[in-house]
Number of protein chains: 2
Amino acid sequence: MGASKADAFSVEQQDLASLSKALAHPARIAIIQYLMNVDSCICGDIVNELPLAQPTVSQHLKELKLAGIVKGNIEGNSICYCIDTDKIQALLGFIQSLVASKQANPNPCC
Amino acid sequence: MGASKADAFSVEQQDLASLSKALAHPARIAIIQYLMNVDSCICGDIVNELPLAQPTVSQHLKELKLAGIVKGNIEGNSICYCIDTDKIQALLGFIQSLVASKQANPNPCC
DNA sequence: TTTTGTTATTGCAATATTACGATAAATAAA
DNA sequence: TTTATTTATCGTAATATTGCAATAACAAAA
């Protein structure tokens, strides 16, 4: 045995975990930061920005797309990627409430 | 080949990815939510709350502790766990700036 | 000390992720 | 059509994560 008891948890918990997993690699953080910097959608220059081969970058982009953090549009024979903030709002809300709950109720022992 | 080109990225990118990875499992989300709900530190009732065996929960707690999202204090012969918000602020800031950058600069193509 | 209760660690099997060469798919340009 | 150019997919090797039984470690109670 040893994998995937994820179904034993709520959909919300699984969704938050999936969103976090999409951010859980430095390459994917780097892609997001790049898209934030150029603040207009840029295509496969992402490949040139990262110290990774093209198939690897494509795979990371696929994961970000699947998680709903990034969107892609066909533009001529290249593809224009940009940030999508719809899904990530849930994770933002979770972390905000985490920080807020701690400030409202500082624990007695820690 | 096939693993760990993480060193090729900045420390900031690695830190954000590590924090995200700590949240990237429904069991760890559930642990955090439980600690938020009881808003005072609770020990190993976490094990009773989760559909996982005690060693598995202990391992998840270890990861959360290592990431700095959870703190543990010895209390008699049990251990009192509670949320720590110091480290997670970086991730909160990142996601906030991500959402903000998009609102400030809606991309032309997506 | 012995026993009990609580948490951590070890060892290992099942599975998932990461990375990339090779190659496919698809559009643009010649 | 042929040739570039650009991105996605396949196949596979290396490594990491997940889960738990067994067991260790350690403090409290008897």
Side-chain angles (χ1 to χ4, degrees), chain A residues 1-9 13-14 17-31 34-35 41-67 70-82 109-110, chain B residues 1-9 13-14 17-31 34-35 41-67 70-82 109-110:
Chain A
M1 312 132 185
S4 191
K5 212 151 180 180
D7 291 348
F9 297 90
Q13 288 162 344
Q14 292 180 53
S18 291
L19 279 167
S20 301
K21 188 177 282 185
L23 301 180
H25 194 288
R28 294 195 289 270
I29 297 285
I31 289 173
Y34 183 65
L35 290 176
C41 32
I42 291 292
C43 338
D45 330 65
I46 300 171
V47 173
N48 298 319
E49 278 292 310
L50 299 191
L52 295 173
Q54 179 269 322
T56 308
V57 174
S58 184
Q59 196 174 279
H60 283 305
L61 279 167
K62 189 182 181 181
E63 281 174 73
L64 286 172
K65 219 182 338 179
L66 219 125
V70 140
K71 265 192 286 195
N73 250 31
I74 299 173
E75 192 113 327
N77 68 341
S78 61
I79 293 187
C80 166
Y81 275 110
C82 46
C109 84
C110 307
Chain B
M1 314 130 181
S4 193
K5 213 151 179 179
D7 292 347
F9 297 91
Q13 287 163 343
Q14 292 180 53
S18 291
L19 279 167
S20 301
K21 189 177 280 186
L23 301 179
H25 194 287
R28 295 196 288 272
I29 297 285
I31 289 172
Y34 183 65
L35 290 176
C41 31
I42 291 291
C43 337
D45 330 67
I46 301 170
V47 174
N48 299 319
E49 278 292 310
L50 299 191
L52 295 173
Q54 179 269 323
T56 309
V57 173
S58 184
Q59 194 175 283
H60 283 304
L61 280 167
K62 188 181 182 183
E63 281 174 74
L64 286 171
K65 219 182 340 180
L66 219 125
V70 140
K71 265 192 287 196
N73 250 32
I74 298 172
E75 193 114 327
N77 68 340
S78 61
I79 293 186
C80 166
Y81 276 108
C82 45
C109 84
C110 309

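So that the names make sense, note that chain A is the first sequence line, chain B the second, and so on, each numbered from 1.
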Counting N and O atoms only, with roles assigned by atom type, does the side chain of [X] sit under 3.5 Å from a partner on the main chain of [Y], one being a donor and the other an acceptor?
{"X": "B:Gln14", "Y": "A:Pro26", "value": "no"}
{"X": "B:Gln54", "Y": "B:Val47", "value": "no"}
{"X": "B:Glu49", "Y": "B:Ile31", "value": "no"}
{"X": "A:Arg28", "Y": "A:Lys21", "value": "yes"}

Can you check whether [X] has a side-chain N or O nearer than 4.0 Å to OP1 or OP2 of [N]?
{"X": "B:Tyr81", "N": "C:dA8", "answer": "yes"}
{"X": "B:Lys62", "N": "C:dT7", "answer": "no"}
{"X": "A:Lys5", "N": "D:dC20", "answer": "yes"}

Could you tell me the separation between the [atom1] atom of [X] and the [atom2] atom of [N], rounded to a whole number of Å?
{"X": "A:Leu50", "N": "D:dT7", "atom1": "CG", "atom2": "C1'", "value": "15 Å"}
{"X": "B:Asn77", "N": "D:dC26", "atom1": "CG", "atom2": "C1'", "value": "9 Å"}
{"X": "A:Asn73", "N": "D:dT6", "atom1": "CG", "atom2": "C1'", "value": "16 Å"}
{"X": "B:Leu66", "N": "C:dT9", "atom1": "CG", "atom2": "P", "value": "11 Å"}
{"X": "B:Leu52", "N": "C:dA8", "atom1": "CG", "atom2": "C1'", "value": "16 Å"}
{"X": "A:Leu64", "N": "C:dT17", "atom1": "CG", "atom2": "P", "value": "14 Å"}
{"X": "B:Glu75", "N": "C:dT6", "atom1": "CD", "atom2": "C1'", "value": "13 Å"}
{"X": "A:Leu61", "N": "D:dA8", "atom1": "CG", "atom2": "P", "value": "7 Å"}

Of all the heavy-atom pairs spanning [X] and [Y], show the shortest one and how long it is.
{"X": "B:Ala27", "Y": "B:Leu50", "value": "O-CD1, 4.1 Å"}
{"X": "A:Gln13", "Y": "A:Phe9", "value": "OE1-CB, 3.4 Å"}
{"X": "B:Leu23", "Y": "A:Ser20", "value": "CB-OG, 3.4 Å"}
{"X": "A:Leu61", "Y": "A:Tyr81", "value": "CD1-CE1, 3.6 Å"}

Stepwise side-chain contact (heavy atoms from CB on, under 4.5 Å) test for A:His60 and A:Leu52: CA-CA 10 Å; A:His60 283 305; A:Leu52 295 173; 4.0 Å; yes
5' precedence on DNA chain C between A:Pro51 and A:Ile74 (nearest-nucleotide basis): A:Pro51
Positions of residues 53-60 of chain B (non-hydrogen atom under 4.0 Å from DNA chain C), listed by number: B:Gln54, B:Pro55, B:Ser58
Interface residues of residues 20-28 of chain B with DNA chain D (non-hydrogen, below 4.0 angstrom): B:Lys21, B:His25, B:Arg28
